[in-house]
Number of protein chains: 2
Amino acid sequence: MREAHPMTPAGRRIVAAAEELFYNRGITAVGVDLIAERSGVTKRTLYNQFGSKDHLVAACLAERDRRWRSLVRAAVDACGSPVEAVTAPFDALRTWSGTNTRGCAFINALAELPDPSHPAYRIAANQKLWLRNLFEELATAAGCSGPATLATQLLVLHEGALATQPFPGDTLSGSTDLARSLVRASAPPRR
Amino acid sequence: MREAHPMTPAGRRIVAAAEELFYNRGITAVGVDLIAERSGVTKRTLYNQFGSKDHLVAACLAERDRRWRSLVRAAVDACGSPVEAVTAPFDALRTWSGTNTRGCAFINALAELPDPSHPAYRIAANQKLWLRNLFEELATAAGCSGPATLATQLLVLHEGALATQPFPGDTLSGSTDLARSLVRASAPPRR
DNA sequence: TCATAGGTATACTGGTCTGTGAACTTTCGC
DNA sequence: GCGAAAGTTCACAGACCAGTATACCTATGA
């Protein structure tokens, strides 16, 4: 289920170029010719590596997911207490938003890929499930009451901050504050 | 700034068909030939009415926005008290979600239309601004403390519920509950 | 030494895309 | 009855699309 990344140098360049183009211009709007040109590679190489555009899309989202998860894990590890750790994904989101200002790539991808049998569909859907479960695990570890309900609320706040990111106004700060006060309210009293 | 809707019968059929197709399959993925066929109209008529696909996209989003706003206004008017009215958009969202299960059409559209000069861009961006301002107006009318901060938090909850809608699990109930308790906490004590 | 894997170069297929041109028909209010 | 607006028919332009075919080059390592 967890495959390694035996990707050739050309393969990595293709994914990097495609990721940027898909995120900033949309998946359907970007052609494989442009991706090949941007990554300094022939279209033949692209097809030898990924087989089809659909599978390249999946590879891009998988790579993005991998990067996002490791950022969140680092933010969780950097926290001093289990209670702080519950809202660590909001800290990760602040970092992430510095270089990703066009909303959530997974939501955006699903907007263009309505077919559940598309190889990228499952990756995008799992991404949200993973975060929700992480919130629940962290809430449980911090001793919060009602971790399931809390996790859903935190996910909504997180996705809301991400979805409103392209619009003017700082929504991330407000939702982070709200998330923290929710966690504090459901956490056991200190010592 | 506010033009009427002197749309011909064919024009209305085109918008209706295009709206459904754009929302369910993505804007770039849907061709004008298909839209013309679905609405029982010639491609020539489509271009006579809207000039370009881009302007048709804008007309579809404008129509959707109009429908959404009137639903929200009706929900606000149906409320018994100013405090209840603040969270009325969440009631409207519950109704709306019955027939719209692919997330927010405006967020989805912006994912495919990165160019701010696209005729549809401003419509999509204004939609969120309108809702945020409505929240603030309603919060002020209800005598809530810190209406600006509250409005931003309510917007985030609303957009979060909308964004997570395509995924399994009922996120709308949890965010509606949270929204109501936020409003109650900042509202003045009864009588 | 030589097979293999990764990659280049280039031309091509068959299809779809948005958008236009030009001439014809239908409907309806004045 | 007539003129204008709305709509039809259909061919067509020119660009772009995903994906393939063929032939060649160049490392590396057994």
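Quick note on labels: first sequence line is chain A, next is B, and so on, each numbered from 1.
In this structure, A:W96 has its ring center at least 6.0 angstrom away from the ring center of A:H158.
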Test side chain to side chain donor-acceptor pair (under 3.5 Å) on A:S97 and A:Q165 and set out the steps.
CA-CA 8 Å; A:S97 294; A:Q165 181 207 50; 3.0 Å; yes

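Protein atom OH of A:Y47 is 11 Å distant from nucleotide atom P of D:dC17, rounded to whole Å. Taking atom CG on A:L46 and atom C1' on C:dG6, their separation rounds to 14 Å, with Å as the unit. Atom CG in B:L56 sits roughly 10 Å away from atom P in C:dT18 (whole-Å rounding). Straight-line distance from the CD1 atom of A:I14 to the P atom of C:dG6: 12 Å, rounded to whole Å. In this structure, the CG atom of A:L34 is 11 Å from the P atom of D:dC16, given to the nearest Å. Atom CZ of A:R12 is separated from atom P of C:dG6 by 12 Å (rounded to the nearest Å). Here D:dC16 presents its C1' atom at 14 Å from CD1 of A:I35, a figure rounded to the nearest Å. When the P atom of C:dG7 is taken as reference, atom CE of A:M7 falls 11 Å away, rounded to whole Å.
Near DNA chain C, meaning a heavy atom under 4.0 Å from it, residues 25-32 of chain A has no residue at all.
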What one-letter contact string describes nucleotides 4-9 of chain D from 5' to 3', where B marks a base within less than 4.0 Å of any protein heavy atom, S marks contact via sugar-phosphate atoms alone, and - marks no contact?
---SBB

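Interatomic distance, CZ of B:R67 versus CD of B:E19, reported as 4.0 Å (0.5 Å rounding). Distance check, rounded to the nearest 0.5 Å: CD1 of A:I107 to CZ of B:F167 gives 4.0 Å.
Geometrically, B:R64 engages B:Y23 in a cation-pi contact defined by less than 6.0 Å to the ring centre and at most 45° from the axis.
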